[in-house]
Amino acid sequence: MHKSFFFKRYFINNETCLFNSLFNEKWLFFSSSHFMFSKWVVLFWTIVGGVIFPLASGWAWEVNTHKELTKEAITVVEAHLSTHLIDNLGLEGGLNASLPGGTPITLMQQGSNDEDNGIRFFRHFHDPISNAGLAHFDSAIDWSLRSIGNQGGDAYSWNDAREYFFKALTSPTKAERDEYWGKTFRALGQVMHLLQDSANPSHVRDDPHPFDDGLHDYMERKSVHSYIGGGIFRPNPSMLEQVGATRAEPFSNLFDRNVYFGSNPQVTLGTDIGVTEYTNANFFTDDTIPGQGSIFNAEITYPAVTELVPAPIPSPYLTLPRLGSVAFSGARTAKLTGNKAVAKFLLTNTNLDLLGQLKLDDAVYEAQAQNLIPRAVGYSAAVLSYFFRGDLSLKSNEYSMCSNPDGTFQPGGHLGVDVEVPSNLLLEGEGAFYYDLPDGSRVLAVEGPVEPTNIELGGGKYILLNQLSFFKPIQWTIVFQGKMGPGAKEPHAVVALSGKAPWVDVRCPI
């Protein structure tokens with residue numbers, strides 16, 4: 001729908017705007033005193049388009065692309081994560097659990113779709129050189145880390161996901177817990193969306209692409225799965241053990257480690273780099289080819305036109321050496337058109353490279369996809385690995401009851417659980433111990449502070465027999481909330497362990 005605008009191409013200098021008339025072949029000149037066309041005008045019409053037309057091209061990827069990226073990211077961690085959800089967190093069915101709105105898999109995919117609802121997509125930009133978002137909007141990093149409930153009517157930030165996760169583990173009724181499980185997974189899908197957008201050049205080069213985005217349109221016709229046959233690109237986990245470079249939270253490092261300054265593109269090729277840095281330094285957008293009249297982020301210097309190398313003759317493509325050899329299709333960076341004159345402003349032409357020396361086409365978008373899709377999947381998978389980190393181990397658990405010589409039991413017993421916490425998590429906050437009644441109600445038994453050096457944590461409660469199903473195991477859950485590593489601490493982390501304590505009959509002392 002965004003392609004319904006009546007013009008597609010423009011040429012800008014400091015004095016005039018030049019348009020080809022729809023009705024005749026004459027050139028019409030508009031003085032800057034009558035019509036000033038700037039990036040702010042474009043942004044204004046982008047916002048208007050985003051409000052009027054839900055399919056405005058501020059989106060980085062098509063809906064199906066986001067859903068595929070999320071599904072592939074889940075597949076990367078699926079075996080371990082599903083087992084963790086079942087065995088450690090008591091979510092029956094794991095990633096295939098039945099929750100309000102669907103399974104965890106479908107809810108994460110839905111979240112990755114819903115993040116583009118309304119005008120949220122204006123907060124999906126982050127320029128790693130300026131550390132800023134689009135115009136006055138939050139950057140993608142700040143949006144992803146907004147405080148609990150602070151995203152407006154639909155709150156699905158990383159911190160919201162943590163809050164929903166805590167409530168999924170501690171709410172008193174099963175219906176409430178299932179509702180918050182659903183919100184947890186939806187929020188994770190929406191956070192993954194932000195990293196996926198960061199693997200699209202327009203969203204890291206301050207380019208709102210108001211009329212079209214070539215890579216977006218290209219991937220609308222392609223399958224994500226076809227680009228990960230050679231593997232995905234996973235960020236180095238050590239990134240998430242360090243204080244964030246743009247914000248204190250280690251999670252922000254997935255976006256931007258602040259080691260690319262606009263003059264050192266070679267540094268972006270490592271595994272310990274923010275995805276926005278890699279994308280910004282190595283890929284053009286239709287609107288940000290240096291020296292071709294760009295009104296979007298014209299100060300971006302890389303890729304530099306001077307570093308491009310021709311592909312083997314007769315190929316018309318220029319390649320970027322740091323992405324591969326001149327014969328490697330994934331190194332294609334731009335197409336040489338050979339036209340050094342101002343191109344004709346045809347209304348049917350959807351590219352924006354009006355000065356005509358270089359352009360992007362499907363072969364270039366194919367190269368971008370080869371490099372960026374594996375990263376979009378790998379960084380999305382890192383969201384799930386980091387969120388559900390912390391494998392607590394059970395040392396012992398039992399419900400001990402005291403039987404009399406005549407076969408009767410004392411009116412209650414003691415539920416005790418000892419859990420070992422890996423020392424590298426460095427927990428610092430509050431711990432709580434819950435048990436479940438037969439009707440699914442979850443009851444708080446014990447709570448208190450957790451010290452970083454205390455790695456053996458237990459809870460106990462004298463429970464009346466009439467509260468429980470006689471001789472059946474008792475479901476329990478231990479939840480910790482607060483600062484947690486490994487390494488640099490996430491400020492509002494949640495980690496938990498759930499299990500079933502068997503009944504143990506002990507003789508009452510005579």
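- Residues passing the salt bridge (charged side-chain N to carboxylate O under 4.0 Å, His left out) test with Lys500: none are found, sequence neighbours excluded.
- Residues Val204 and Phe255 are not in side-chain contact: their nearest non-hydrogen atoms beyond the backbone lie 4.5 Å or more apart.
- For Arg162 and Phe165, the positive end is not near the middle of the six-membered ring at less than 6.0 Å and at most 45° from its axis.
- Taking the side chain as every heavy atom from C-beta outward, Pro422 and Asp391 never approach each other to under 4.5 Å.
- Just one of Arg186, His193, Arg120 meets the side-chain hydrogen bond (donor to acceptor under 3.5 Å, both in side chains) condition when paired with Glu115; it is Arg120.
- The side-chain tip of Arg123 does not point at the ring of Phe137 from less than 6.0 angstrom away and within 45° of straight on.
- A salt bridge does not link Glu176 with Arg442: none of the charged nitrogens is closer than 4.0 Å to a carboxylate oxygen.
- The aromatic rings of Phe185 and Trp181 lie parallel to each other, their planes meeting at an angle below 30°, with 60° marking the opposite boundary.
- At a cut-off of 3.5 Å, with distance as the only test, no side-chain donor of Tyr156 or Gln151 sits close to an acceptor on the other residue.
- Taking each heavy atom of Ala168 and Thr184 in turn, the nearest pair found is CB-OG1, 4.4 Å.
- In this structure, His124 and His203 have tilted ring planes: the angle between them lies in the 30° to 60° band.
- Applying the salt bridge (charged side-chain N to carboxylate O under 4.0 Å, His left out) test to every pair with at least one member in residues 74-96, sequence neighbours left out, gives no pairs at all.
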